[in-house]
Amino acid sequence: MKQIFESENISFVRVTESLVKDYLTMVNDIDHVARFIGRRLEPISEEKEIKWVREKQAEQAVLFSMLEKKTGAFIGNIELMDVADGAGELGIAITAAMQEKGYGTEAIPAMVRYSMDTLGLRRIFLKVYPDNTRAIHVYEKCGFREYDRTADDVFMEITQ
């Protein structure tokens with residue numbers, strides 16, 4: 001897998017079918033991951049996940065798998081969605097085994113730098129569920145600020 005960019009402990013690589021088993025372990029973990037991704041409570045099949053990878057590759061999505069440099073272990077995925085007019089929406093998911101190790105705090109600023117320096121974006125925004133307080137704390141620590149809130153979502157951004 002070819003590294004696209006890196007941070008101190010993370011290699012950012014394009015999504016690949018060779019990591020589908022890792023993706024499924026992550027996205028089918030209802031308690032630690034899936035409930036924060038669209039409040040999904042049902043598992044995803046291997047066939048559906050392979051289709052997702054192929055679609056993301058075909059559209060050349062700004063989507064990367066994160067691998068621990070030292071071991072090559074899968075950390076999670078990070079993506080910029082709906083990129084337009086100098087802005088993009090950030091999404092990140094970290095597999096349960098790699099949570100609470102500082103990878104989110106390292107990956108998010110690296111993705112923001114890549115997005116602004118390489119892709120020329122001026123604004124990165126996101127939405128997060130209000131009950132995902134751990135994620136909100138990490139986003140704030142990485143420089144995002146809240147600009148709106150509803151009963152269902154907290155909206156945050158970082159601008160250049």
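As the structure is a computational prediction, the values presented were derived from the model and not from experiment. Values below: every heavy atom of this structure, side chains too, minus hydrogens, waters and symmetry copies.
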Looking at every non-hydrogen atom in both residues, tell me the closest pair between Pro130 and Arg149 and how far apart they are. CB-NH1, 4.1 Å
According to a hydrophobic-cluster definition based on side-chain heavy atoms being under 4.5 Å apart (Ile, Leu, Val, Met, Phe, Trp, Tyr only), do Leu90 and Phe36 belong together? no
Could you give the distance from CD1 (Ile124) to SG (Cys142), rounded to the nearest 0.5 Å? 12.5 Å
Taking atom NZ as the centre, does Lys56 end up with more than 12 heavy-atom neighbours from other residues, nucleotides or ligands that are less than 6.0 angstrom away? yes
Any side-chain heavy-atom pair of Phe125 and Ile158 under 4.5 Å: no
Is there a side-chain contact between Glu68 and Met98 in this structure, where contact means two heavy atoms from C-beta onward sitting under 4.5 Å apart? yes
For Glu140, is there an ion pair with Arg145 - N to carboxylate O distance below 4.0 angstrom? no
Within the supplied structure, the quantity of interest is the number of heavy atoms (other residues, nucleotides, ligands) at a distance under 6.0 Å from Lys51 NZ; does it exceed 12? no
Flag side-chain contact, heavy atom, 4.5 Å: Arg35 against Tyr129: no
Whether the side chain of Gln99 engages the backbone of His32 through a donor-acceptor N/O pair (distance < 3.5 Å, no angle test) should be reported. yes
Interatomic distance, CD1@Ile108 vs CD1@Ile78, rounded to 0.5 Å, equals 6.0 Å
Are there more than 12 heavy atoms of other residues, nucleotides or ligands under 6.0 Å from atom CD of Glu59? yes
Whether Glu100 and Arg134 form a salt bridge (side-chain N of Lys/Arg under 4.0 Å from carboxylate O of Asp/Glu) is what I want to check. yes
Measure the shortest side-chain to side-chain distance between Leu119 and Val62 over non-hydrogen atoms and say whether it is less than 4.5 angstrom. yes
Can you tell me if CD on Glu47 sees more than 12 non-hydrogen neighbours from other groups inside 6.0 Å? no
Minimum side-chain heavy-atom gap Gln160-Arg123 below 4.5 Å: no
Does Met1 sit in a hydrophobic cluster with other residues, and if so which ones, taking ILVMFWY side chains as linked at heavy-atom separations under 4.5 Å, directly or through other members? Val13, Val15, Leu19, Val20, Tyr23, Leu24, Met26, Val27, Val33, Ile37, Ile44, Ile50, Trp52, Val53, Leu63, Leu67, Phe74
Output field: ring centroids Phe5/Phe64 closer than 6.0 Å: yes
I want to check something: taking the side chain as every heavy atom from C-beta on, are Met156 and Val154 in contact at a cut-off of under 4.5 Å? yes
Salt-bridge present (Glu17, Arg54; N to O < 4.0 Å): yes
In this structure, CG of Asn132 is separated from CG of Asp153 (nearest 0.5 Å) by 11.0 Å
Nearest-0.5 Å distance, CD of residue Glu89 to CG of residue Leu80: 9.5 Å
OG1 on Thr159 to CG on Leu121, rounded to 0.5 Å: 12.5 Å
Do Lys127 and Asp152 have side chains that get closer than 4.5 Å, going by heavy atoms? no
State, without any angle test, whether Ser11 and Gln3 hold a side-chain donor-acceptor pair at a distance under 3.5 Å. yes
Flag the pair Tyr139 / Val128 as yes when at least one side-chain heavy-atom distance between them is below 4.5 Å, and no otherwise. yes
Out of curiosity, Ile75 CD1 to Asp22 CG, how far, rounded to the nearest 0.5 Å? 11.0 Å
Suppose we screen for salt bridge (charged side-chain N to carboxylate O under 4.0 Å, His left out). Which residues come up paired with Arg113, at least two apart in sequence or across chains? none
Residues Phe144, Ile136; criterion side-chain contact (heavy atoms from CB on, under 4.5 Å); working and verdict: CA-CA 9 Å; Phe144 282 79; Ile136 292 169; over 6 Å; no
Can a donor-acceptor pair be found, under 3.5 Å and without considering hydrogens, that links the side chain of Ser45 to the backbone of Lys48? yes
When you look at Met66 and Ile94, which way does the side-chain contact (heavy atoms from CB on, under 4.5 Å) test go after all the steps? CA-CA 9 Å; Met66 300 174 288; Ile94 296 178; 4.3 Å; yes
Under 3.5 Å: donor-acceptor pair, side chain of Lys70, backbone of Ile10: no
